[in-house]
**Student:** 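Dumping the structure here so I can ask a few things about it.
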Amino acid sequence: MTVSILIFLPLLAAAALVFLKNEVAKLAALFFAVVELALSAYFLANYIPGSNTQFLVDQSWIPQFGIYFNAGIDGINIIPIMLTTLLVPIIILTTFKHEYTKANIFYALILFMQSGLLVVFTALDGFLFYVGWEAALIPIYFISALWGGENRIKVTLKFFIYTFAGSLFMLIALIYLYTQNPSHTFDLHEFYNFNMTAKQQGFVFLAFFLAFAIKMPVFPFHTWQPDTYTEAPSAGTMMLSGIMLKMGIYGAIRWMIPVVPQGFDQYYPYCITLAVIGIVYASIIAFKQKDGKRLVAYSSIAHVGLIAAAILAWNVTGVQGAMIQMLNHGINVVGLFFIWDIISRKLGTRDLSQLGGIAKNNPWFAVAFLIITLGTVALPLTNGFIGEFLLLDGVYYYNITLAAVAGTTIILGGVYMLRMYKSVMQGPTNDLTLTFTDVTGTERLVLVIICALIIVIGVYPQPILHLSEASVTQLVGEVNAKLNALHAPAAAVPVK
Amino acid sequence: MEKFFNIVQSVPLNHYILLSCILFSIGVIGVLTRRNAIVIFMSVELMLNAVNLLLAVFSVFRNDPSGQVFVFFVMALAAAEVAVGLAIIVMVYRNTSSIDINVLNKLKW
Amino acid sequence: MEVKSSAIDYLPIIIQMLVAVGFAVGTMFATHALGPKRKTADKLTPFESGIEVVGNARTPFSIKYFLVAILFVLFDVEVIFMYPWAVNFREMGFTGLIEMFIFMATLLAGFIYILKKKALDWD
Amino acid sequence: MDLLQIGIKAGLVVIIFAISLVVAMYSTYAERKVAAFLQDRVGPNRAGPWGILQPLADGGKMFMKEEIIPARANAFLFIVGPALAIMTACIGSAVIPWGQEIKTGSLTIDLQVTDINVGILYIFGVVSLGVYGVMIGGWASNNKYSLLGAIRAASQNISYEISMGLSIIALLMFTGTLSLKEIAEQQHGANWNVLYQPFGFLLFMVCSFAETNRSPFDLPECETELVGGYHTEYSSMKLGFYLFAEYINMFISSAVMATLYWGGYNYPGMDWVTAHVGPVIGPLIGTAVLFGKIFAFIFFFMWVRWTIPRFRYDQLMDLGWKSLIPLAIGNIVLTGVWITVYDKFFK
Amino acid sequence: MNTLIVISVLPIVLLYLGLYKAKNALLPVTIVGLLVALGLAVSQWNVDAQPIFSGMMLFDKYAIAFSSISILSTILILALSKEYFERISSHVAEYYAVILFALAGIIVMVSYHNLSMLFIGIEIMSVSLYILAGIKKTDFASNEAALKYFLMGAFSTGFLLFGITLIYGSSGSFDLDVIRDWALTHTAKTVDPMFYTGIMLMIVGLCFKVGAAPFHFWTPDVYEGSPTLITAFMSTTVKTAGFAAFLRLFSTCFASLADLWTPTLMVITVITLCVGNVTALYQQSFKRMLAFSSISHAGYLLFAIVALGINSGNSVFVYATAYTVASIIAFAVLILVQQQSGNDNFESFNGLGKRNPFLAFVLTVAMLSLAGIPLTAGFMGKFFMFGGAVAKMQIWMVIIAVINAIVSIYYYFKVIIAIYFRDAERAELVAPGYVNVVLGLSVVITLVIGVYPNLISNLIP
């Protein structure tokens, strides 16, 4: 059994969904997503932690360009894959209270996107990676633009052009790597194994960084993000923030730094600085937001900035932190957006100043919101804690000052998240919030699942860390070995 | 007198090339500067004939008949072009009563 | 054509042209000098069978003439292609015959087409 | 080619030029006489004995007439038209072989202005240019009759040029050359082309009539509907040029017909004459024979003019396009098949 | 070879069918004839091709591949033509015939082995197109398009011919092999200035024909003024053939002197890309936008010639196929929309997603393909082009191209936005069955090639 089944199942499901009626499509989509989850669980169960790639599929695709349909699961991508298969059914579940027009297309697009995302995460061939990267982009564009809010057309086009621009530069970088490597393939490991001059690597690094930075997004490439998150339908926002931005993080870990270590070596100080600036900047902006969804969007920039900084610091701790934080952030941010989805659906507004006192009459909702908020602010024993801790640790190894600045994310995050919680849930109830009814049915189910995940991972993260540990250690080690060899004559390079 | 004929016969190739280049340039300039469709068309024909001259000259200087055969092709296709081109010009004239290409500005140039 | 004409062979033609031009120009000048010149407005109006001149003579004329001209251009060029063939006909033998028959068949196909299209009917 | 030859050629040019003019002049006289003969009347008889000086009188009158250029005409083109007509008519004779080479001692005199290898094409080229004279003149007059005449002339000339070109192809398949000299030489003795191409000759002759705007194809100047056709506005020698050009064209086309189909300067028993009478006299007799043939054709032209009524314009075009072209192509096909079969089986 | 004969005889048959009033037989006969021609072309595939007709033509795999795509796209376009020409004029048979004559010219253009055939092919095609551009006799825009196309086309022919002549003058032959051999004995430094000038003039002439900037100025007007179906033919089949001819010449003859002409062509490519894209941005008319975008696509196609390599033929083939199929979809939908709303503005497409979801879907796929989004054929085309260019280290050009690709998203998505996100009070748009067949087929081709380009990307050795 290879990962191709994992990739193609959602695709086929999407095709089937087009021909179904709206009501049936909803259930069918959930069914397929759960089947997908089960499949991935099967893979997880059979996965042997280690560095070698498993469940490999390796088919010739475009031989004249040395392109293979080459995908598999290893320690680096298992977490994002699990994240995807886990979150998609949850996201589908969150939409059950919505009545979308042409729901069959909507769910088909979500499943299509899932397929694209899985291609991105499993691909071991540069071309395949790129195709998945773009394939995931098309459906989310249509999801956002068709079912989104007022300004959706302009905003989503901006989003599309931004990300497409980034990815085209990545395409050039990939083609360049293809032409430069001696065996003329797009194979990832081939990319790892050959050497280019520092200048060439620098260019490739910049191209990759542009693509990934836009996707994550890292300051100053983030301008598309808050608008898009705000305008997209909730499910779209969840797909974007929960899974899609992990493409950037994952890409950096797998496709950027190990492929062009020397390029990375030249530019990473600037990149980290950008990431850290982004953290502080986004936190401050988040602080000022009145729209709850927008606030979460900015908080996401801040969190992702920290992940980016940790990756760019490039040490085992940081990368491991990034790994687990990818999962955590996905869960948390989906939870938060779902909370806001519920509020805006029930009350028709997301303005913090108009809300308040919801907690009084709605205990289920209050508890869930609290848990998710705490998870996001990284309270110990929630999932956020372990991730952020490792990330900060990673950055700290690189530079104490930066770590200190980056650490403000926890403080600032705590402040604005709790302020948000307070202004929504506590204080006096007003006419509007009185109408709020407690969560029921699928909403309650989703919130329970998310809260459970937050707590379980927070208490016992070890199995997840264990999944990726060997691979990460090896990857980090290889790159650092290359860099050390490079710096050996100059000596006196701090070992990371 | 004998010398005179020798000179006539041995006009250097470059002079022919120069002549056709000049004719060709006149044609090009005509196309670019004139606004009357017929005159433009005639300028184009001048360009083609400059080419024909040069082809014939090369053909003679290289003792290779294919150049002259090419002239035939050029003439035949120029004739076809004349037929179609004049028909188009007549059509335009019937609709607009003008063959000044400046009148044709419904579509932007 | 084995015989090659050189530029010299055309010299007499140039002489003849010069003579012709000389004759035409000379005669023109002679009549100009010899004839009387008594111009009146009526004499200089175009002849229109004695009645008042109506409009300009430079008016569009029947498209038929134009069509004939276009067809001439096309057919004449096709005919030109036959000259080298006709001159070398004996050397080319049977293949040449067939090839030219194909050429002429195409020509005829076009010819019959324009006939059927009534491009050459004058009414 | 040395200076002497150039001199001889120049002399020949002038002689032929003069002969053309004289023939043309006397053709006008002949035309009237022939017309008179056919209509059973006397014809011009006042100037000189039998009116023989009539052409000179006509010429003199032309010179003395007032030259009128209509006010609305385009003066420059109005003058260029007839000049072009006469010029093109006059240069057509350059490639016609008027006789055999005359050898006297070291000197060889070629009775042809120049023998170029594309003689027939030259003639066609010059003849096609002739229509410009008519067109330019007719258009420049700014007269409706003239314009119609000019258009008719152009349209007629180009229509018949196709069939003319096609009809001659069958001949070329026999001769294998475009040089009139060679064609004439090939018909040595009585081996005349008309024997092989009688039908081609007929086609060619019909086309010649049309090309020279002679009756029954004189639509461009048909006086019943178009007054004077393209030369309605012309007067004095400019009118003379047009009339002259027509007669010279008639002369040239007679010469071409005689050369291409009727053996040119060849006559039966010419070798015997050259051998026994003399190397100068023999060829000169040939030249005389050629002129005899030319005059016969000219007479034929006139005979037709005064016998056959004029075509209607649509009949004219129908004849040209719908009859002559298919017939000419048919002639080519037959000739081609015949030559191929003959070469393959009987040679 | 037989293909060419069939395609030459077919229009004559059609003309006679038209004479004998067999109007209903026209389209079936055309399509059957073209299919026969296509079959004959493909049947030559495994034949080891040698120059035929005294070295005039060479039906090698390159020629067969491009002939096939040209014939195929013509079939697709003609399949849309049912009832289209009847609305314009009564001389229906002539239009089919003239289109097929143009196609015959195209076949010659892609299979020439002698510069005279290049010239003849281009002229047969161009002269037919002049007529086609003006088939709406009373329509002013159509007249103008025909006149402009004619004058510009004849003008460019002059340049092409002068180029051919100079090349003949220096190399002594029109035969591609002889010219190549001649070029091989010279280096960029020692080559005759006449030869160099010849190459430059041929570039000018060919760039005119394929509508590359700065010789593009006729393109938008002609494309806009011509009847839409003819525009579709011009911007797809004709453009493909133009590039096939362009590439054949440069890859066969002038490859060894690449240093001479690459810089010029590079400049042309960059200008073409930028001009096409930037002006397309400002268009309000869909048809005109397609015209300008076709200029920028010409720019992408030029990449293959600038970065001449063993894969250039395949790159052009894939790109041209993708572009052709996508454009046919776009024009087919445009024709339907135009018929309903009476104009070709973007607004006419408003709410198409509701009015006819199938049309909306295929047009979306076409736009994505033109924009070069993965999983469509257009992406594969761009990928092949960029791949070739990067391999030749033309990185800066690729970056410029990428920036242009990003710009192009904007105007292609304008259509998608109009289709799905804007509403219009219009009746449902019903597409006739034959249009749906063509569209369906085109979409399938686009997607299949987008996923598995190997089907067509390895054809040309």
Side-chain angles (χ1 to χ4, degrees), chain B residues 13 16-17 20-21 24 27-28 31-32 37 40-41 43-59 61-64 66-67 69-74 76-78 80-89 91-96 99 101 103-109, chain E residues 54 98 114-117 119-120 122-124 126-131 133-134 137-175 194 197 201 217-218 220-225 288:
Chain B
L13 183 59
Y16 287 109
I17 296 175
S20 349
C21 285
F24 190 82
V28 172
V31 171
L32 296 178
I40 293 179
F41 187 33
S43 303
V44 167
E45 291 298 309
L46 185 63
M47 288 163 65
L48 294 190
N49 283 324
V51 170
N52 282 349
L53 171 67
L54 196 57
L55 275 170
V57 167
F58 281 138
S59 170
F61 270 75
R62 296 198 161 268
N63 214 355
D64 170 36
S66 59
V69 175
F70 201 109
V71 173
F72 266 101
F73 290 148
V74 174
L77 286 164
E81 233 171 40
V82 167
V84 171
L86 283 180
I88 290 170
I89 292 176
M91 178 179 78
V92 170
Y93 183 77
R94 292 186 150 216
N95 284 338
T96 65
I99 44 170
I101 54 171
V103 176
L104 302 173
N105 52 8
K106 184 166 170 272
L107 307 168
K108 284 161 264 163
W109 264 107
Chain E
S54 331
V98 174
N114 188 305
L115 291 183
S116 54
M117 284 296 129
F119 168 67
I120 288 175
I122 285 185
E123 279 302 282
I124 293 176
S126 305
V127 170
S128 312
L129 290 179
Y130 304 151
I131 301 170
K137 271 194 274 184
T138 50
D139 180 45
F140 192 84
S142 183
N143 285 347
E144 189 178 341
L147 186 64
K148 277 181 182 165
Y149 196 22
F150 165 68
L151 290 177
M152 285 302 119
F155 187 50
S156 66
T157 304
F159 282 99
L160 184 74
L161 267 180
F162 207 66
I164 291 177
T165 309
L166 290 179
I167 285 166
Y168 169 65
S170 43
S171 69
S173 174
F174 295 112
D175 191 273
M194 212 156 75
T197 320
L201 286 171
F217 39 81
W218 57 271
D221 295 341
V222 171
Y223 282 11
E224 193 187 351
R288 212 169 161 83

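Sequence lines set the chain letters: A, B, ... in the order given, protein chains first and strands last, and positions in each chain run from 1.
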**Student:** Under a 4.5 Å heavy-atom cut-off, does chain E meet the side chain of Ser59(B), its backbone, both or neither?
**Tutor:**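 Both parts, heavy atoms under 4.5 Å.
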**Student:** Please work out which of the three classes, parallel, tilted or perpendicular, describes the rings of Tyr149(E) and Trp218(E), given edges at 30° and 60°.
**Tutor:**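 Answer is parallel, since the angle falls under 30°.
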**Student:** Determine the option with the most heavy-atom pairs under 4.5 angstrom with chain E, choosing from Phe73(B), Phe41(B), Phe58(B).
**Tutor:**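 Max contact count across the listed options: Phe58(B).
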**Student:** Heavy-atom distance under 4.5 Å to chain B: side chain of Ser170(E), backbone, both or neither?
**Tutor:**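 Contact with chain B involves the backbone of Ser170(E) alone.
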**Student:** So Tyr168(E) and Phe174(E), would you call those rings parallel, tilted or perpendicular, with 30° and 60° as cut-offs?
**Tutor:**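 Parallel.
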**Student:** Checking Leu53(B) against chain E: side chain, backbone, both or neither under 4.5 Å from a heavy atom?
**Tutor:**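 For Leu53(B), neither part sits under 4.5 Å from chain E.
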**Student:** Quick check on Tyr130(E) against chain B: is it the side chain, the backbone, both or neither that has a heavy atom closer than 4.5 Å?
**Tutor:**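 Backbone plus side chain of Tyr130(E), per the 4.5 Å heavy-atom cut-off to chain B.
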**Student:** Among the options Leu54(B), Ile17(B), Val57(B), pick out the one with the most heavy-atom pairs lying under 4.5 Å from chain E.
**Tutor:**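 If we count pairs closer than 4.5 Å to chain E, Leu54(B) comes out on top.
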**Student:** Between Thr197(E) and Phe162(E), is there a side-chain heavy-atom distance shorter than 4.5 Å?
**Tutor:**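 Phe162(E) does not reach Thr197(E) side chain to side chain.
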**Student:** Indicate yes or no: at least one non-hydrogen side-chain atom of Val31(B) is less than 4.5 angstrom from one of Leu151(E).
**Tutor:**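 No - every pair of side-chain heavy atoms lies 4.5 Å or more apart.
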**Student:** Do the side chains of Val28(B) and Phe159(E) get nearer than 4.5 Å, heavy atoms only?
**Tutor:**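 Sidechains of Val28(B) and Phe159(E): in contact.
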**Student:** Which value, rounded to the nearest 0.5 Å, describes the distance between Leu115(E) atom CG and Leu160(E) atom CG?
**Tutor:**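 Nearest 0.5 Å value for the CG-CG distance: 8.5 Å.
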**Student:** Pick one of side chain, backbone, both or neither for Phe155(E), based on which atoms fall under 4.5 Å of a heavy atom in chain B.
**Tutor:**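 Answer is both: backbone and side chain atoms of Phe155(E) are under 4.5 Å from chain B.
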**Student:** At a 4.5 Å cut-off on heavy atoms, which part of Val69(B) comes close to chain E: side chain, backbone, both, or neither?
**Tutor:**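 Neither part.
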